[in-house]
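Both backbone and side-chain heavy atoms feed into the values below; hydrogens, waters and symmetry mates do not.
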Amino acid sequence: MARQEGRQCSIGLVKARTAWLAGAAGAAIAAYRKFRRPVAAPAPVEDPRAEELRRKLDESRELEGEREEFEAAETPVDEAEPADVTDRRKAVHERGQAAAEQMRQRDGE
């Protein structure tokens with residue numbers, strides 16, 4: 001590195017100025033944060049649809065109780081008597097055979 005005779009290096013001055021500016025900027029930001037006024041949050045506004053939604057929710061709660069009463073009166077499928085299923089299956093089978101017999105008679109005429 002070549003050294004200049006009689007002149008001083010300016011790098012040290014630039015570093016010192018940069019440090020002072022950074023410190024001043026940091027102090028200014030800290031003072032701003034400390035003394036700024038807090039922004040008041042706006043008062044919550046009641047949504048006009050809220051009352052309607054509350055009313056619907058209350059109605060659905062009432063209907064849930066009615067649904068439970070209705071379902072309590074029904075017999076679940078897994079508890080149904082097998083005879084009911086067997087009788088229904090037999091009736092469907094007989095109707096199918098009768099329909100097939102009618103078709104055969106029409107073809108044979």
If the condition is side chain to side chain contact (heavy atoms under 4.5 Å, CB included), which residues does [X] pass it with, not counting sequence neighbours?
{"X": "Glu51", "value": "Arg54"}
{"X": "Asp47", "value": "Arg49, Ala50"}
{"X": "Leu63", "value": "Glu66"}

Problem set entry | Pairs meeting criterion side chain to side chain donor-acceptor pair (under 3.5 Å) with involvement of residues 92-101, two or more places apart | His93-Gln97, Glu101-Arg104
Problem set entry | Selection residues 12-34 - residue pairs positive for side chain to side chain donor-acceptor pair (under 3.5 Å), sequence neighbours left out | none
Exercise. Is it true that Arg55 and Asp58 have a side-chain N and a carboxylate O under 4.0 angstrom from each other?
Worked result: no
For this session: Could you tell me whether the side chain of Lys90 reaches within less than 4.5 Å of the side chain of Thr86, counting heavy atoms only?
Result: no
Exercise. Within a radius of less than 6.0 Å around CD1 of Ile11, do more than 12 heavy atoms belonging to other residues, nucleotides or ligands occur?
Worked result: no
Problem set entry | Partner residues of Lys56 under the salt bridge (charged side-chain N to carboxylate O under 4.0 Å, His left out) criterion, sequence neighbours left out | Glu52
